[in-house]
Amino acid sequence: MPTAKNSVRLVLLVDRDTVNDFASVLRHIMAGLLEDSCPIALVCPIDADVDSIVSPAVEVIRYPLFKMPLFKPQNKKAVLAAVTKFAPTILHCYSDSRIRLTKYLSKQLNIPYVLTFNSIRKFLFAPFISANHCGALIASSQVIAEHIKRVYPNLAERVSRINIGAFAEDISACFSDTTRIICMVVAQQIGNPSDFEPLLNAVKHLAVDGYEFVLVITGTGPGEKKLHKMVGALGLSQIITTVGDIQPLRSVFAGADIFIAPQPSRRCNLRLLEA
């Protein structure tokens with residue numbers, strides 16, 4: 001498909017975790033680009049729920065189509081064919097796990113790419129970044145920017161910091177209704193259940209002291225079953241409710257009073273910013 005001179009056609013590459021954690025950011029990015037008449041294609045996993053963040057004007061390309069390693073060549077061939085048909089002028093990788101795929105597509109199509117980093121993830125072997133095709137490395141905080149410069153010292157001059165923003169309501173939702181029971185929210189992936197032990201013990205003490213409140217834990221992960229057992233063992237099943245991932249999270253925060261992050265994260269905590 002021929003493209004007009006100086007026109008921008010963007011392919012945005014994301015993984016499932018990025019869709020879950022940065023849904024509002026992706027929605028705002030795509031809405032702004034579409035308003036500027038920039039065609040967009042979104043490359044995302046087949047099990048990623050993107051219905052709430054994409055408009056009909058965004059072309060969705062699923063990758064991988066088959067999760068088995070045996071089909072890796074077929075998956076790369078399929079995504080290359082779909083991206084080639086879209087005829088992009090630039091690629092934007094928004095997930096660490098998509099760096100190698102972005103580099104592959106960039107080389108095959110001979111177009112530049114941009115990388116966004118939202119965490120200080122430590123790589124056992126840092127993915128190689130092509131100085132010939134990578135135009136910029138974007139960090140969402142100063143800490144992340146300094147980390148990228150240490151990992152890729154030869155590309156330090158291409159690192160830029162672009163802070164992530166969130167649109168706030170005019171009126172605060174927390175404690176807006178004094179007759180309502182206080183609601184606390186935890187919104188994060190449930191990996192290691194031990195991360196929640198201090199919180200659960202504190203909740204137990206508050207309950208024993210006679211405070212009335214509810215705690216909602218929203219998220220999924222391998223530690224869900226053990227977390228449920230911990231909640232039951234402490235006798236907190238009537239106070240703590242665990243639910244899966246809810247999108248958009250703002251609908252949950254709108255009815256909550258206190259946001260809790262049980263453990264610090266090495267990833268930019270957009271859910272904290274939203275709260």
Side-chain angles (χ1 to χ4, degrees), residues 13-26 44-50 52-53 63-64 67-69 93-101 116-127 139-141 143-144 147-148 151 164 166 183-204 206 214-237 239-253 256 258-275:
L13 297 99
V14 298
D15 59 19
R16 186 174 182 273
D17 288 342
T18 299
V19 171
N20 290 338
D21 294 343
F22 294 88
S24 61
V25 172
L26 295 173
C44 61
I46 197 168
D47 58 349
D49 183 7
V50 297
S52 64
I53 66 174
Y63 173 86
K67 289 188 175 183
M68 296 178 62
C93 175
Y94 212 85
S95 305
D96 294 347
S97 65
R98 292 293 183 254
I99 292 178
R100 289 182 173 86
L101 175 62
T116 289
F117 293 83
N118 294 309
S119 69
I120 52 175
R121 173 184 172 189
K122 292 185 176 180
F123 297 101
L124 181 60
F125 299 102
S140 53
S141 74
V143 172
I144 296 175
H147 172 73
I148 297 173
V151 176
I164 292 178
C183 177
M184 300 184 289
V185 172
V186 174
Q188 70 176 52
Q189 298 302 305
I190 305 174
N192 188 355
S194 63
D195 291 344
F196 292 83
E197 285 185 8
L199 171 62
L200 297 182
N201 289 329
V203 169
K204 178 69 175 181
L206 289 173
V214 294
L215 173 63
V216 178
I217 300 177
T218 171
T220 58
E224 286 182 78
K225 289 185 178 180
K226 189 171 182 179
L227 178 62
H228 293 162
K229 290 181 179 179
M230 293 167 60
V231 170
L234 290 170
L236 299 174
S237 299
I239 297 175
I240 299 178
T241 300
T242 58
V243 296
D245 286 318
I246 298 178
Q247 294 295 341
L249 267 176
R250 183 161 293 200
S251 62
V252 178
F253 293 152
I258 301 173
F259 176 82
I260 301 174
Q263 293 289 336
S265 173
R266 302 179 68 86
R267 187 179 179 88
C268 182
N269 194 341
L270 186 70
R271 297 176 178 184
L272 172 59
L273 188 60
E274 283 275 4

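The shown structure was predicted, so the numbers you read here are calculated from the model rather than taken from an experiment.
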Heavy-atom closest pair, residues [X] and [Y]:
X      : Y      : result
Arg100 : Pro127 : NH1-CG, 3.9 Å
Leu199 : Ile260 : CD1-CD1, 3.9 Å
Leu236 : Val203 : CD1-CG1, 4.1 Å
Arg98  : Val14  : NE-O, 3.5 Å
Ile144 : Phe117 : CG2-O, 3.6 Å
Gly232 : Ser237 : CA-OG, 3.7 Å

Kindly compute the distance separating [atom1] ([X]) from [atom2] ([Y]), expressed to the nearest 0.5 Å.
X      : Y      : atom1 : atom2 : value
His228 : Ile240 : NE2   : CD1   : 10.5 Å
Glu224 : Ile217 : CD    : CD1   : 10.5 Å
Ile190 : Asp195 : CD1   : CG    : 11.0 Å
Asp96  : Asp17  : CG    : CG    : 10.5 Å

Q) Do Ile53 and Phe22 pass the side chain to side chain contact (heavy atoms under 4.5 Å, CB included) test, and can you show the C-alpha distance, the side-chain angles, and the key distance before you say yes or no? A) CA-CA 10 Å; Ile53 66 174; Phe22 294 88; over 6 Å; no
Q: From the options Asp245, Thr242, Asn20, select the one residue that forms a side chain to side chain donor-acceptor pair (under 3.5 Å) with Thr220.
A: Asp245
Q.
Quick check: do Leu215 and Val186 have side-chain heavy atoms less than 4.5 Å from each other?
A. yes
Q) Are Val214 and Thr241 close enough that some pair of their side-chain heavy atoms sits under 4.5 Å apart? A) no
**Q.** Residues forming a side-chain contact (heavy atoms from CB on, under 4.5 Å) with Ser97, sequence neighbours excluded
**A.** Asp15, Ser95
Q: Using side-chain contact (heavy atoms from CB on, under 4.5 Å) as the criterion, list what pairs up with Glu197, not counting sequence neighbours.
A: Ser194, Met230
Q: For the pair Leu234 and Asn201, evaluate side chain to side chain contact (heavy atoms under 4.5 Å, CB included) and give the outcome as yes or no after the intermediate values.
A: CA-CA 8 Å; Leu234 290 170; Asn201 289 329; 4.3 Å; yes
Q | Stepwise side chain to side chain contact (heavy atoms under 4.5 Å, CB included) check, Phe196 with Val231 | A | CA-CA 10 Å; Phe196 292 83; Val231 170; over 6 Å; no
Q: Apply side chain to side chain contact (heavy atoms under 4.5 Å, CB included) to Asn118 and Asp21, showing your working.
A: CA-CA 10 Å; Asn118 294 309; Asp21 294 343; over 6 Å; no
Q) Residues two or more places apart in sequence or in another chain: which of them pass salt bridge (charged side-chain N to carboxylate O under 4.0 Å, His left out) with Lys67? A) Asp47
